[in-house]
Structures are given as structure tokens and as C-alpha cells.
Asks: 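Please see the structure below; I have some questions.
Atom set for the values below is all heavy atoms of this structure, side chains included, hydrogens, waters and symmetry mates excluded. Indexing begins at 1, ligand by ligand and atom by atom, following the structure's order.
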Amino acid sequence: MLTRSTLGMMHLMQPLQLLICVLATLAILTLTACTTPRGITSHPPVTWAIALHGGAGTLDRTAPPEELAAYRVSLQAALDVGRERASKGDSALDVAEAVVRVLENDPRFNAGRGAAFNEKGEHELDASIMDGATLQCGAVAGVRTVKNPVSLARLVMTQTKHVLLMGDGAEQFADAMAVERVPNSYFSTDRRRKMLDEVLRERAAVGPRSDAAPRNPRTTYGTVGCVVRDTHGNLAAATSTGGLTGKRFGRVGDAPIFGAGNYADGYAAISCTGTGEEFIRHSVARTVAARIAFGGQSLEQAAHTLVFNTLKKDDGGLIAINAAGNIVMLYNSEGMYRAAADSTGWQTVAIFEDDTK
Ligand code: GLY
């Protein structure tokens, strides 16, 4: 900005000095705008930014184009809700919850309707939400009749002294909160049933420990999540999942575990997708934020280290955003359903690495 004293100093300069001064200032401004750690150049400062994912367990890239196109339509619809809410100044928490609800209601994704089946052919859902400004957070695990688990997680955060309710206790809490309920079969889809059949067939052939390490990511994992930087500069993260296909009854993954599959503080907001056991083992979400806070790493460096050095190939991926509104969306699987946008008008919807839109 050209302040009154800056203008006074410029008045005293010789023309050549003035030219050098102006050119140097322009060079600094240009460099600052071109070094966002998103891997995409030239973004001026943003007032809001949002990223979402629909899981790292994607269709094969040789899937029928119309099926892949339908996923892009779903991602765009969720992104549009987030853009609309964020651009009118809604809080990061409100935006993250609203976007995850859209993804939970969409049967294409493994969360809410469309959730994975456990080994008993039922659905147990996990979800969480966290406010980066206050570190307030709430989560539910193993819920069976709550249409939108992310909203029950938000109520755990705002209406209890706790951060995580599970199973029957979470269902009783849902009774008290009068959130929308559905029969467990509401979450079932033919596509996920076929995946369960495939996993159980493989398990029968391979042996008893085959439930510990999924062999085909596309048939086992998937999650949805959203991270937001709002117009006030606050961050939030929300994550929701049906978990791993064929998981043991009672198994809880990383999505409701703060620091593992979901985390937000003043430095970053992170939502993960993949084999939850690995994300819990390595405290992936919190470690990304800690590398920034204590290690001085950029968002991209921190996320890259976790996804490509700490985790193994096909473990999954994550989306993350920092206080400047920079976004990273990284994965070590074949693809990750993802979308992002910010207040500059930039947006992207993608599944595989070479997607350009
Ligand atoms: N990442 C989801 C799960 O493992 O449950």
C-alpha cells in the first residue's frame, strides 16, 4: 500500500531511483502472489477458500465415462453449496457441515447414504467436526440410524462436555437431539453390496487376517470431508464415513479420531481418507498441522511428507487448507474424488492426477 510517508519519500528520490524502487516493489508483489503451495500459480490473497473430498477409493480410470462424469457432477454440486455459503460469509464450521451433509446424502460416496457395509451386512457410521479457532470438536462413532452423522457430531461439540460418543450412547444422544433418523437399510446401495460380496469372497480365499489389510482400495475404503477457511480467517474440518467395506462389527476408523482423520487449529484444517488404521497409527491429520506449527514447514511440505513418506502406497490421501487459504489435495492411491474453490474465482473438480478441470 502507498502510505502518506511512502509518497513523501518517493518525492525526494531521483527519477532513476524511483523507477528502481517501483520495479522492485512490483517484483516482490508478483513473487508473493506466485508461490502458493497449492502447486498452482498466481493466486492473489483469498478471503475464503474451500476443499472437499469424496474419498481416495475411486472408480478405475477405465470406468465408463458417464459414471466418472456423474461423480464430477456430484462433486460440483457439493462444491457449489460450499462456495455459496462461504462467499456470503458463513462460518467455516457451518460451511464444512453443510458440504459434508450434501456428500452424506449422495449415494455415490461412502458416507451417509451409500455407506460401506460391515462384515454383518450392516452400516456403522463415523463422523467428526472441528473448529480451528477454538479447538472445540465433536465426533460420533458406530451410529446406525442417524441420517447425517456430521450434524450429530456437531451437536456433541456444542451440546455436551465430551468430544466423542459411540454406539448406543450416540444413538440415545440422537434421540435427545431430535436429529433426523432413518432405518439402517436407508444407507444401503447395490454398488456397496457388490463390494461387500467381493471383499468377503476374497477373505474366504485368502484367510482370516485378510480383513486387516484391504487389497483393493476401490472396494474397501472411501470417506467424505471438507476443509474451509472462512472470511474471518478461521479454519474448520469435517469428515464422515461408512468405514471399510467388510470391517469387523464395532470397528472404528480414523474419521472420528481427532488428530488422525480430522483436525483443525489456527495453522491448518485437514480431512483424511483411506485405510483408517494407518491414519490413526501415524496421527496423520495432527502431524500435518504440527509440522507447520513446530517445524516451520509449508502446508504442501507437511502434507507431502505424510502422504508420500509416512504412509504407504494405496493407504489413501488428504485435503488440507491453511490460514492463508492455500489448499493441498494429495493421495497415494490411483485417484481421489476432490474439488476446491476460493474467492478469486479459481475452482477445480478432479478424480485422477491428470484431470485438468
Ligand atoms: N478412513 C475411513 C476409515 O478407515 O474408516
Asks: Are the aromatic rings of Phe117 and Phe187 close, with centres under 6.0 Å apart?
Replies: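 So the answer is no for these two rings.
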Asks: Verify the neighbour count for atom CE of Met177: are there more than 12 heavy atoms of other residues, nucleotides or ligands below 6.0 Å?
Replies: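 Above 12, so yes.
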Asks: If you count the atoms of ligand 1 from 1 in the order shown, which ones are under 4.0 Å from a heavy atom of Leu244?
Replies: 4 (O)
Asks: Report yes or no: do Asp80 and Gln76 form a side-chain donor-acceptor pair below 3.5 Å?
Replies: yes
Asks: How would you list all residue pairs meeting ring-ring contact (aromatic ring centres under 6.0 Å, His included) that involve residues 231-255, not counting sequence neighbours?
Replies: none
Asks: For Thr275, is at least one N or O under 3.5 Å away from an N or O on ligand 1?
Replies: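 So ligand 1 has no N or O lying under 3.5 Å from an N or O of Thr275.
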Asks: Is there a heavy atom in Ala255 that sits closer than 4.0 Å to ligand 1?
Replies: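 Judged by the 4.0 Å heavy-atom criterion, Ala255 does not count as contacting ligand 1.
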Asks: Which atoms of ligand 1 are found less than 4.0 Å from any heavy atom of Gly253?
Replies: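 It comes down to these atoms of ligand 1: 5 (O).
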Asks: What residues, two or more places apart in sequence or in another chain, satisfy salt bridge (Lys or Arg N to Asp or Glu O under 4.0 Å) together with Asp94?
Replies: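 Scan of Asp94 (salt bridge (Lys or Arg N to Asp or Glu O under 4.0 Å), adjacent residues dropped) gives Arg154.
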Asks: Check whether the side chains of Thr47 and Thr231 place a donor and an acceptor atom closer than 3.5 Å, and report yes or no.
Replies: no
Asks: Does any N or O atom in Gly222 lie less than 3.5 angstrom from one in ligand 1, N or O only?
Replies: no
Asks: Looking only at distances, can you tell me whether any N or O atom of Gly274, backbone or side chain, sits closer than 3.5 Å to an N or O atom of ligand 1?
Replies: yes
Asks: Looking only at heavy atoms, is any part of Arg251 under 4.0 Å from ligand 1, and if so is it the side chain, the backbone, or both, or is it neither?
Replies: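 For Arg251, the contact with ligand 1 is made by the side chain alone.
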Asks: Decide whether the shortest distance between a heavy atom of Glu277 and an atom of ligand 1 is less than 4.0 Å.
Replies: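 No, Glu277 has no heavy atoms under 4.0 Å from ligand 1.
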Asks: Check whether more than 12 heavy atoms from other residues, nucleotides or ligands sit under 6.0 Å from atom CG of Asp175, and answer yes or no.
Replies: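 It does: Asp175 CG has more than 12 such atoms within range.
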Asks: For ligand 1, which atoms have a heavy atom of Thr223 less than 4.0 angstrom away?
Replies: 1 (N), 2 (C)
